[in-house]
Amino acid sequence: MPRADSFDEFYRESRDRLLHQTYAYAGSVEEAQRAVSDAYVSAAAHWRRVAASPDRDAWVRARAFRATTRARNRSRQPWYVTARSTADKHRRVLAALGSLPPADRHLLIVSELAGIELTVAAAEAGVSPAMAQASIDTSLRELEAAGVDTSPTELDAALAGLRQDLGHQPADRSSRLRREGNRRRRAYQVLAGVVVVAVAGTAVVVVDRSSDDAASQNRQPPATTGPTSSVTPTSGSPEPTVGVAALTAISAVRTLDPAASWHLDSTSTDLATTKTSDPCLTSAPALSTANHYWERRFSTGGPAAKDSTRTVATQTPDVATSRRTAQTAYAARLAAFGGCAVGAHRLVEVKKLSGVASVASVVDLEYVDRAGLHDEVVTIARTGGVVTTWIVHEPQGTPPRSRPVVRLLAESVDSVCGIARAACPQPPYRATPIPPPPDGTAPGFVSLVDLPLFADVPRTWVATPPEPARQNPSATSCDQADLTGAGATSVTARTYVIPGSASLPSSFGMSETIGTFASRTQANAFVTTVAAAVASCPKRNLTLSVPRTTQISPDQGRGFVWQIDLQTSTSSALVSRVALIRVGDTVAELTFTPTATDDVGATGYALLAGRAAERLSEL
């Protein structure tokens, strides 16, 4: 990306939040505006260095905070004029912040408003974590003594509310800031290039007009705010550093549920995690060759709360050795969650995301444990050599919410795309359903991860390997679907059961049979014949009824879903759910015998039949 474009993009993306933070630090809208503009001019003058910084926000923020003193001295308006832009409800918190020593105020704003982890905030302020914690504790006591409610929820709301005072403030044009920065950089170059050489008593002035890159070779890079490392590029110049400072702050995670009390539970050190953060994952980094990997965990209610009552959000960024290996890591993550049959998981839907990153997806899952059914939303994105994954577990009984997780993913991508020199989010974000990734175990058959889960059965489905079948084990006395007799070849079948559950009868289970016909016309004729047999079934056997028939239209095919009831007494019936699907010249019959309490209903089984059609398309 050209230098001007990358600066303009960073300015547009970061200006509002840095102005907000500087306003909290300065207590004056005018001072904050002047200081932030001055800081961005400095950033434009040193953009090559700033663009490669692991935390560009910290670079600009430090200069904006220092510039507030100069802005105060240059203010053209008296205090009673600038104070008009401050809402009455904000005066107390601004006055309390202003009474803190500058270093303590800096730390409090960075940790509480910017949501940066304490160790990173301490590094930015140049103190130890212990000193930083002591400073924040002292500042909170000072704020409380000044009448400010310092409980996490109220303090967050008070600091976030300061943004209201900035809503109508005009923003500088990025082009003007760049021009000022260019003038400042040229002045630096001239001053740095002036060398007075004394030769035989004569002073000779030499002006070096070399490029900005050459002039900056002897400058030391700014101190980083955390451990950083390089992403090895596939070609061209080296990739910039990606460090822990680029991880998502708690302020962004709060958008998942603004009414909840969020906590940062933990952040691993680089490549130090060996235990995976989710049972679907078989390894901590997606690839063993990863350059860097962290896990950052947030939760509502704090670590002591029960998992069934809180939302848990985990970020796992992988920094690969190249963009090519990053794509492999992305595919590995998508396959891990899209094919997660461990721990009684069910794949609800996979969607491709556009506008978020180079490639991105969202995976909606459901899983069951002794506490019941839970929802899990996973978002994965690759931008450059960085793969970012968010795993969000919702409280029991809370419907899954994909949209806020997608927005959180986009914000996380936005924090690293400039460093990774890759695609940045471009809203609006669109989600398009796509077929699930193949699990590779039994192509064409429904996978274990496709099968329904039940709140009172915290166990995992198991399946037999596909085996040749002359007779169709999925056929019922109503449909009488004889694939072999109708001319199908390569007829195979497998069965699915949940073993070890005392609450399920032996009749509970599922079977699927697949056969291939000589042509699509022949396969279509077979489906028509079976549908006619089911329609006439109640006339042939008075104990059988078909209370529900649903037609489905998968890509390149057609299908029927039936509920077939066998009357066992005047008050009870044995239910069978049958789906017959054709995709191309291949036909599959999927039959499920539920119980009265453990069933998916007609709608749920129609969705399962649609998934069976997607699996059939793998052949």
Side-chain angles (χ1 to χ4, degrees), residues 14-33 35-36 57-58 61-62 64-65 68 71-72 79-80 82-118 120-122 124-125 132-169 248-265 298-302 311 404 408 411:
S14 62
R15 184 257 181 190
D16 287 349
R17 65 172 175 267
L18 290 176
L19 178 62
H20 184 189
Q21 295 163 20
T22 308
Y23 174 47
Y25 183 86
S28 164
V29 173
E30 185 184 6
E31 289 173 23
Q33 283 184 307
V36 166
D57 274 22
R61 179 169 50 238
F65 284 9
T68 55
R72 182 179 301 114
W79 68 269
Y80 54 81
T82 60
R84 291 174 183 171
S85 61
T86 303
D88 290 339
K89 60 182 178 181
H90 299 151
R91 296 184 194 279
R92 184 189 298 274
V93 68
L94 287 172
L97 289 171
S99 67
L100 299 175
D104 293 343
R105 195 186 329 149
H106 186 142
L107 264 172
L108 185 70
I109 290 170
V110 168
S111 61
E112 296 294 330
L113 179 55
I116 294 175
E117 188 182 4
L118 181 63
V120 180
E124 179 177 325
Q133 185 62 65
S135 168
I136 291 174
D137 291 343
T138 301
S139 297
L140 291 176
R141 287 195 295 270
E142 293 290 333
L143 292 181
E144 190 172 5
V148 176
D149 189 339
T150 58
S151 62
T153 301
E154 293 300 323
L155 184 59
D156 286 351
L159 294 175
L162 298 177
R163 188 186 294 271
Q164 299 170 6
D165 296 343
L166 307 170
H168 303 290
Q169 299 302 320
T248 301
I250 195 170
S251 57
V253 180
R254 289 190 180 109
T255 61
L256 292 177
D257 187 355
S261 176
W262 283 94
H263 301 270
L264 173 60
D265 293 342
F298 304 85
S299 68
T300 59
T311 301
L408 177 61
E411 185 151 350

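- In terms of heavy atoms, R61 sits closest to A114 at NH1-CB, 4.2 Å.
- A pairwise comparison of heavy atoms in L113 and A24 identifies CD2-CB, 4.1 Å as the closest pair.
- Here the closest heavy-atom approach between residue A35 and residue A64 is recorded as CB-O, 3.3 Å.
- The minimum heavy-atom distance between A132 and A122, with the atom names listed, is CB-CB, 3.6 Å.
- Contact annotation: the side chain of L166 never approaches that of Q33 to less than 4.5 Å [non-hydrogen atoms, C-beta and beyond].
- For the atom pair L94 CG and K89 NZ, the distance stands at 12.0 Å (nearest 0.5 Å).
- To the nearest 0.5 Å, atom NE2 of residue H90 and atom CG of residue L159 are 10.0 Å apart.
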* Let me see the working for I136 and S111 under side chain to side chain contact (heavy atoms under 4.5 Å, CB included), right down to the final yes or no. => CA-CA 9 Å; I136 291 174; S111 61; 3.3 Å; yes

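- In this structure, the side chain of T150 does not engage the main chain of E144 through any donor-acceptor pair within 3.5 Å.
- Note on ring orientation: taking the six-membered ring where Trp is involved, the planes of F65 and Y25 are parallel (angle under 30°, cut-offs 30° and 60°).
- Atoms OG1 and CD, from T138 and Q133 in turn, are 10.0 Å apart once rounded to the nearest 0.5 Å.
- If you take OG1 on T22 and CD1 on I109, they are separated by 8.0 Å, rounding to the nearest 0.5 Å.
- The shortest distance between side-chain heavy atoms of P404 and T255 does not fall below 4.5 Å.
- A salt bridge between R17 and D57 is present, with a side-chain N of the basic residue lying under 4.0 Å from a carboxylate O of the acidic one.
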* Asked: Between L143 and D149, is a side chain to side chain contact (heavy atoms under 4.5 Å, CB included) present by the stated rule, with each step listed?
  -> CA-CA 8 Å; L143 292 181; D149 189 339; over 6 Å; no

* Asked: Can you list the steps and then say if V148 with L140 is a side chain to side chain contact (heavy atoms under 4.5 Å, CB included)?
  -> CA-CA 9 Å; V148 176; L140 291 176; over 6 Å; no

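- Residues R92 and A146 approach most closely at NH1-O, 3.4 Å, considering heavy atoms.
- Side chains of T311 and W262 form a contact here, defined as non-hydrogen atoms less than 4.5 Å apart.
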* Given the rule in the side chain to side chain contact (heavy atoms under 4.5 Å, CB included) test, do V36 and Y23 qualify, once you have shown the distances and angles that lead to the verdict? -> CA-CA 9 Å; V36 166; Y23 174 47; over 6 Å; no

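- Taken to the nearest 0.5 Å, the NE2 atom of H106 stands 9.0 Å off from the CD atom of Q21.
- Nearest heavy atoms, T300 versus A260: CG2-CB, 3.5 Å.
- In the model, D104 has no side-chain atom that pairs as donor or acceptor with a side-chain atom of S139 under 3.5 Å.
- Of the candidates L97, D137, L100, L100 is the only one forming a side chain to side chain contact (heavy atoms under 4.5 Å, CB included) with E142.
- Taking CD1 of I250 as the start and NE2 of H263 as the end, the distance is 7.5 Å to the nearest 0.5 Å.
- In the model, S251 has no side-chain atom that pairs as donor or acceptor with a side-chain atom of R254 under 3.5 Å.
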